[in-house]
Asker: 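Structure incoming, see below.
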Amino acid sequence: MAAPLSVEVEFGGGAELLFDGVKKHQVTLPGQKEPWDIRNLLVWIKKNLLKERPELFMQGDSVRPGILVLINDADWELLGELDYQLQDQDSVLFISTLHGG
């Protein structure tokens, strides 16, 4: 069984507005049978942190196009995207690049 993980989850570029305007969240993910990956983290975020309009943050089981995801300041595309296995003390940043004009 995977141990609980402490992870910093941060939202920027306007994405924080979907999370009551709170940019940084220090979260403890509970222990579970399978290791935590970004796919599981997104489900957890949707259930526990997302306050409104999930369609602006998620599309299917991933983030919407236009949301950059950085894991420990590296583009998640370099790290396996949804399959990246989270480590204790990881930092995951979601930045919306979609802006009205």
Side-chain angles (χ1 to χ4, degrees):
M1 181 161 163
L5 295 178
S6 180
V7 178
E8 181 180 82
V9 179
E10 189 172 353
F11 305 96
E16 69 275 7
L17 299 174
L18 304 173
F19 299 87
D20 274 350
V22 179
K23 288 190 175 204
K24 279 191 181 186
H25 302 259
Q26 192 65 44
V27 300
T28 300
L29 302 171
Q32 62 178 20
K33 196 177 229 182
E34 300 296 320
W36 280 95
D37 58 20
I38 296 294
R39 182 178 283 107
N40 295 331
L41 176 64
L42 287 171
V43 171
W44 188 92
I45 287 171
K46 186 175 180 183
K47 285 183 185 170
N48 295 282
L49 295 180
L50 189 59
K51 301 298 182 193
E52 59 182 85
R53 305 197 57 193
E55 71 277 6
L56 294 181
F57 182 69
M58 294 189 67
Q59 183 172 303
D61 67 348
S62 189
V63 293
R64 280 184 58 94
I67 295 183
L68 268 172
V69 182
L70 300 178
I71 302 167
N72 301 322
D73 298 323
D75 189 331
W76 76 325
E77 291 180 1
L78 303 173
L79 300 172
E81 296 184 356
L82 292 171
D83 296 323
Y84 173 79
Q85 288 193 358
L86 290 164
Q87 306 297 314
D88 197 46
Q89 303 302 315
D90 272 352
S91 172
V92 184
L93 171 60
F94 299 90
I95 303 171
S96 176
T97 61
L98 306 173
H99 302 284

Asker: Between atom CD of Gln85 and atom CD1 of Ile71, what is the distance when rounded to the nearest 0.5 Å?
Answerer: 11.5 Å
Asker: Please enumerate all residues that pass side chain to side chain donor-acceptor pair (under 3.5 Å) together with Asp73, with sequence neighbours excluded.
Answerer: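 Asp73: no side chain to side chain donor-acceptor pair (under 3.5 Å) contacts found.
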Asker: Against Leu86, only a single residue in Asn40, Asp37, Leu29 fulfils side chain to side chain contact (heavy atoms under 4.5 Å, CB included); can you say which?
Answerer: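 So, applying the side chain to side chain contact (heavy atoms under 4.5 Å, CB included) to Leu86 and each of Asn40, Asp37, Leu29, only Leu29 qualifies.
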Asker: Would you say the side-chain atoms of Asp90 pair up with the backbone N or O of Gln87, donor to acceptor, closer than 3.5 Å?
Answerer: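 Side chain of Asp90 to backbone of Gln87, a donor-acceptor pair under 3.5 Å: yes, one is there.
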Asker: Got a sec, which residues hit side chain to side chain donor-acceptor pair (under 3.5 Å) with Ser62, two or more places apart in sequence or on another chain?
Answerer: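 Testing Ser62 for side chain to side chain donor-acceptor pair (under 3.5 Å), a comparison that skips the adjacent residues, returns none.
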Asker: Does any part of the side chain of Phe94, heavy atoms only, come nearer than 4.5 Å to the side chain of Leu68, both counted from C-beta?
Answerer: no
Asker: Name each donor-acceptor pair under 3.5 Å that joins a side chain in residues 5-14 to protein atoms two or more places apart or in another chain, with its distance.
Answerer:
| unit_1 | atom_1 | unit_2 | atom_2 | d |
| --- | --- | --- | --- | --- |
| Ser6 | OG | Gln26 | NE2 | 3.1 |
| Glu8 | OE1 | Ser91 | OG | 3.4 |

Asker: Check step by step if side-chain contact (heavy atoms from CB on, under 4.5 Å) holds for Ile67 and Thr97.
Answerer: CA-CA 6 Å; Ile67 295 183; Thr97 61; over 6 Å; no
Asker: Whether the side chain of Arg39 engages the backbone of Asp61 through a donor-acceptor N/O pair (distance < 3.5 Å, no angle test) should be reported.
Answerer: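 No, Arg39 side chain to Asp61 backbone: no donor-acceptor pair under 3.5 Å.
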Asker: Are Met58 and Leu42 packed together at the side-chain level, in the sense that at least one heavy-atom pair is separated by less than 4.5 angstrom?
Answerer: yes
Asker: What's the spacing between Tyr84 OH and Ile38 CD1 if we round to 0.5 Å?
Answerer: 7.5 Å
Asker: Could you give the distance from NE2 (His25) to CD (Glu16), rounded to the nearest 0.5 Å?
Answerer: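 Spacing of NE2 (His25) from CD (Glu16) equals 9.0 Å.
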Asker: Just verifying a value: how many Å separate Lys46 NZ and Leu41 CG, rounded to the nearest 0.5 Å?
Answerer: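 The NZ atom of Lys46 sits 13.5 Å away from the CG atom of Leu41.
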Asker: Is there a path of hydrophobic side-chain contacts, each under 4.5 Å between heavy atoms of I, L, V, M, F, W or Y residues, that connects Leu50 with Leu82?
Answerer: yes
Asker: Walk me through it: do Leu49 and Asp20 pass the test side-chain contact (heavy atoms from CB on, under 4.5 Å)?
Answerer: CA-CA 9 Å; Leu49 295 180; Asp20 274 350; over 6 Å; no
Asker: Val27 and Leu70: same hydrophobic cluster, using ILVMFWY side-chain contacts below 4.5 Å?
Answerer: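 No; tracing contacts between hydrophobic side chains, which count when under 4.5 Å, never links both residues.
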Asker: To the nearest 0.5 Å, what is the distance between CZ on Phe57 and CG on Leu18?
Answerer: 8.0 Å
Asker: Does the side chain of Val63 reach to within under 4.5 Å of the side chain of Trp76, using non-hydrogen atoms?
Answerer: yes
Asker: Mark yes or no for whether Trp36, through its side chain, and Ala3, through its backbone, hold a donor-acceptor pair below 3.5 Å.
Answerer: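 Such a contact is absent between Trp36 side chain and Ala3 backbone.
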Asker: Counting N and O atoms only, with roles assigned by atom type, does the side chain of Glu81 sit under 3.5 Å from a partner on the main chain of Leu79, one being a donor and the other an acceptor?
Answerer: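 Not confirmed, Glu81 side chain does not pair with Leu79 backbone.
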